[in-house]
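Heads up, the thing below is written out as structure tokens.
Below, read A as the first sequence line, B as the second, and so on, with proteins coming before strands; counting in each chain starts at 1.
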Amino acid sequence: MSELRVRLSRLPGERVAVSPDDGSAPFELALADLPAHVAEVEGGPVRARWVWDDTARWYPPLLDAGVRVERCQDLRLCRRLLRRAPAVDQALLAGDDAERWDRLGPAAASEPTLFVTDDRAEHLAADVEDDRQQRAVATSSEAGRLALLLAAESSGALVAAELRWAGMPWRTDVHERMLAERLGPRPPRGARPARLTALADEVGTLLGAPGLNPDSRPELMAALRRRGLDVPDVRTWTLRQLDHPVVEPLVAYKQLSHLFATNGWEWLDTWVRDGRFRAGYQPAGSSTGRWSSDGGGALSLPALVRPAAVADDGWRLVVADVAQLEPRVLAGMSGDLALAGAARGGDLYQAMADAGAVGSRSDAKLGLLGAMYGATSGESGRLVAGLTRRYPRAFGLVEEAARAGERAQPVRTLLGRGSPPIGEESGELWAGDLDAPPADDVSLARQDRLRRAYGRFTRNFVVQGTGAEWALCWIADLRNRLWSLPAAPGAPLTDRPHLVAFLHDEVVVHTPEPLAGDVEREARAAAAGAGRLLFGDAPLDFPLSVSVVTSYAEASK
DNA sequence: TAACCATGCGCC
DNA sequence: AGGGCGCATGGTTA
């Protein structure tokens, strides 16, 4: 079945321009009629790809109207990606409104709707930009891979909108009981809970500093010094090295204080409504292509609050995560058959140890992570050296990426996402020409530090970024597989198995209990499919560990 | 006073 | 002298 690209542009006066790419005449719609139009096309014989400036603006109102979209192209995300793709001729992305497209930021999470008056993207012609992007992809040296990447990125945007729309089932009562057990009753706004007050008092007494505020680093540091406890910082790890009665209450204070501040009652008030935790997701919010969160912290839910994520009555949570995603991706993209061999089973690190490459599983993990993060010293650095001889292609690939970075050259992922240029992230600007000799020893040292830091970044970028691509392909496929599971005719998204969380290498699906087995099967099938999409027939496994649970906290990791 | 930075902790 | 994030606080600066 051929694909019809339906380009949607926002017009003034609550109207939408609809421009199909099949040569048929463009036409206009009232914004209010859009859901009915989309529903009709989605239900018809034509396979449509909805092309719009930003999924976070267009899709939520469609979901509200009960319309589920199968595929789209998110022009904002795709343009950002193409802008940095080394294989793309940047001149092809120039033209009408190009600068405005470049400046387009993500839609605000607080107003994810087209119906809000907002001239931000008005007059931006989706058909013009779509033509540019399509041409840029088609003429690039990596057209197939880039097309896959853009499709995956756009599917991710659909997932993100659906995650937020559906929300993670959340039991406020369970969460509040946990908070009360650890912190005491909910305090008035701005006040410390009883347990924190007690711990702060205890710390102050033990340090002979009544009224001490443990949240103030200078105060705390000074008080510790006065008792002869000379510490460079007040990290938990540093404090634990001390032998002093204040350590235990102080560490307890820090942990509980963090819980209170980050996932306490205020968090519940802000992010949980009607039994659902609705966070903000930013697809490709990280430069490597990983998602980030822009509210609610959905990608860093602490273990302590996970017991509150509880499936509805008669439903289950299917939690699936990939074991050692990035080492497996590294094996695939480098074509390292020895490492791929270790990646054939469920425990890659153990397989490396069994093959005699290292003495133990923990050594394998430390060495491999060290290679991907750029460890140069200590135990990890020593292991890297040994493993390089055993897995020359895999370790050579990350080493080469690091050297490119140290030469200030950007790198790219398997599907063609390019790294940001050197200096952009750190905010430090290169003084003048990179090739020019540095003015003095200080600037030489600074440039050197920056180059090495960029090398560690590019080293990790190729692996983390390709891992993110695998994960995008995984959830894009899983999303469609879930939709194909049996459901009542016309059942909305949340009456069927649906994704409620995605955390880099892990998904959570909320599903009617009888379908949990089907969901598990589809998750595994989608993982295998993602492996084939990225690495073809390379002998490589992406095994999932899957738990069917009532509460997220019960999932075994 | 707002905006920003540094620190520390949580997640992957 | 190990990568990517978000979020909170205190403390500083404009």
**Study point:** side-chain hydrogen bond (donor to acceptor under 3.5 Å, both in side chains) partners for A:Glu162, two or more places apart
**Key:** A:Tyr59, A:Arg479

Exercise for review: Write down the distance between CG (A:Leu301) and C1' (C:dG6), rounded to a whole number of angstrom.
Suggested key: 12 Å

Practice item. Determine, for A:Asp215 against A:Arg192, whether the closest basic-nitrogen to carboxylate-oxygen distance falls under 4.0 angstrom. Key: yes

Review point. C:dC5 P sits how many Å from A:Asp505 CG, rounded?
Key: 16 Å

Practice item. For the pair A:Asp173 and A:Arg171, find out whether any cationic side-chain nitrogen is under 4.0 Å from an anionic carboxylate oxygen. Key: yes

Exercise for review: Remember a base hit wins even if backbone is also touched, and classify A:Val463 as base, sugar-phosphate or nothing at under 4.0 Å, heavy atoms.
Suggested key: nothing

Review point. Is the aromatic ring of A:Tyr373 within stacking range of C:dG2, meaning centres under 5.5 angstrom and planes under 30 degrees?
Key: no

Practice item. Write down the distance between CG (A:Leu183) and C1' (C:dA8), rounded to a whole number of angstrom. Key: 15 Å

Practice item. Using whole Å, report how far CG of A:Asp448 lies from P of C:dA1. Key: 13 Å

Check your understanding: Looking at B:dC9, does its base get a donor-acceptor pair with the side chain of A:Arg235 below 3.5 Å?
Key -> no

**Study point:** side-chain N/O A:Ser292 vs C:dG6 OP1/OP2, d < 4.0 Å
**Key:** yes

Check your understanding: With a 4.0 Å cut-off on heavy atoms, is A:Gly295 in touch with a base, just the backbone sugar-phosphate, or nothing at all?
Key -> sugar-phosphate

Review point. A:Ala303 has a side chain; which of B:dC11, C:dC5, C:dG3 sits nearest to it?
Key: B:dC11

Practice item. Report the nucleotide, chosen from B:dG8, B:dC11, C:dG4, that has the shortest atom-to-atom distance to any side-chain atom of A:Arg306. Key: B:dC11

Review point. Would one find a side-chain N or O of A:Thr376 under 4.0 angstrom from OP1 or OP2 of C:dG2?
Key: yes

Check your understanding: Just how far, in rounded Å, is P of C:dC5 from NE2 of A:His504?
Key -> 10 Å

Point to revise | Most 5' of A:Arg192 and A:Arg456 on DNA chain C, judged by nearest nucleotide | key: A:Arg456

Do any side-chain atoms of residues 358-372 of chain A form donor-acceptor pairs under 3.5 angstrom with protein atoms, and if so which ones, sequence neighbours left out?
unit_1   : atom_1 : unit_2   : atom_2 : d
A:Ser360 : OG     : A:Ser362 : OG     : 3.2
A:Ser360 : OG     : A:Asp363 : N      : 3.2
A:Arg361 : NE     : A:Asp347 : OD1    : 3.2
A:Arg361 : NE     : A:Asp347 : OD2    : 2.8
A:Arg361 : NH2    : A:Asp347 : OD1    : 3.3
A:Arg361 : NH2    : A:Asp347 : OD2    : 3.4

Review point. Any salt bridge between A:Glu181 and A:Arg177, counting N to O under 4.0 Å?
Key: no

Check your understanding: So does A:Glu400 pair up with A:Arg459, basic N to acidic O under 4.0 Å?
Key -> no

Review point. Does B:dG8 have OP1 or OP2 sitting under 4.0 Å from an N or O in the side chain of A:Thr236?
Key: no

Exercise for review: Establish, yes or no, whether a centroid distance under 6.0 Å links the rings of A:Trp267 and A:Trp170.
Suggested key: yes

**Study point:** Side-chain ion pair, A:Arg382 and A:Glu379, N-O less than 4.0 Å
**Key:** yes

Review point. Would you say B:dC9 has OP1 or OP2 under 4.0 Å from some side-chain N or O of A:Lys254?
Key: yes

Point to revise | Protein-nucleotide distance (A:Glu326, atom CD; C:dG3, atom P), rounded to Å | key: 14 Å

Exercise for review: Provide, to the nearest angstrom, the distance between the CG atom belonging to A:Leu383 and the P atom belonging to C:dG2.
Suggested key: 14 Å

Practice item. With heavy atoms under 4.0 Å as the rule, sort A:Leu304 into base, sugar-phosphate or nothing. Key: nothing

**Study point:** Ring centres under 6.0 angstrom apart (A:Trp291, A:Tyr281)
**Key:** yes

Practice item. Would you mind classifying the nucleic acid contact of A:Gly296 as base, sugar-phosphate or nothing, using non-hydrogen atoms under 4.0 angstrom? Key: sugar-phosphate

Practice item. Return the residues of residues 203-232 of chain A meeting this criterion: a heavy atom under 4.0 Å from some atom of DNA chain C. Order them by number, or give none. Key: A:Asn213, A:Asp215, A:Ser216, A:Pro218

Practice item. For A:Leu369 and for A:Thr262, find the nucleotide of DNA chain C with the closest heavy atom, then tell me which residue's nucleotide is more 5'. Key: A:Leu369

Exercise for review: With heavy atoms under 4.0 Å as the rule, sort A:Ser380 into base, sugar-phosphate or nothing.
Suggested key: nothing

**Study point:** Nearest listed nucleotide, side chain of A:Arg290, among B:dC12, B:dC9, C:dG2
**Key:** B:dC12

Practice item. Provide, to the nearest angstrom, the distance between the CD atom belonging to A:Glu506 and the P atom belonging to B:dC12. Key: 7 Å

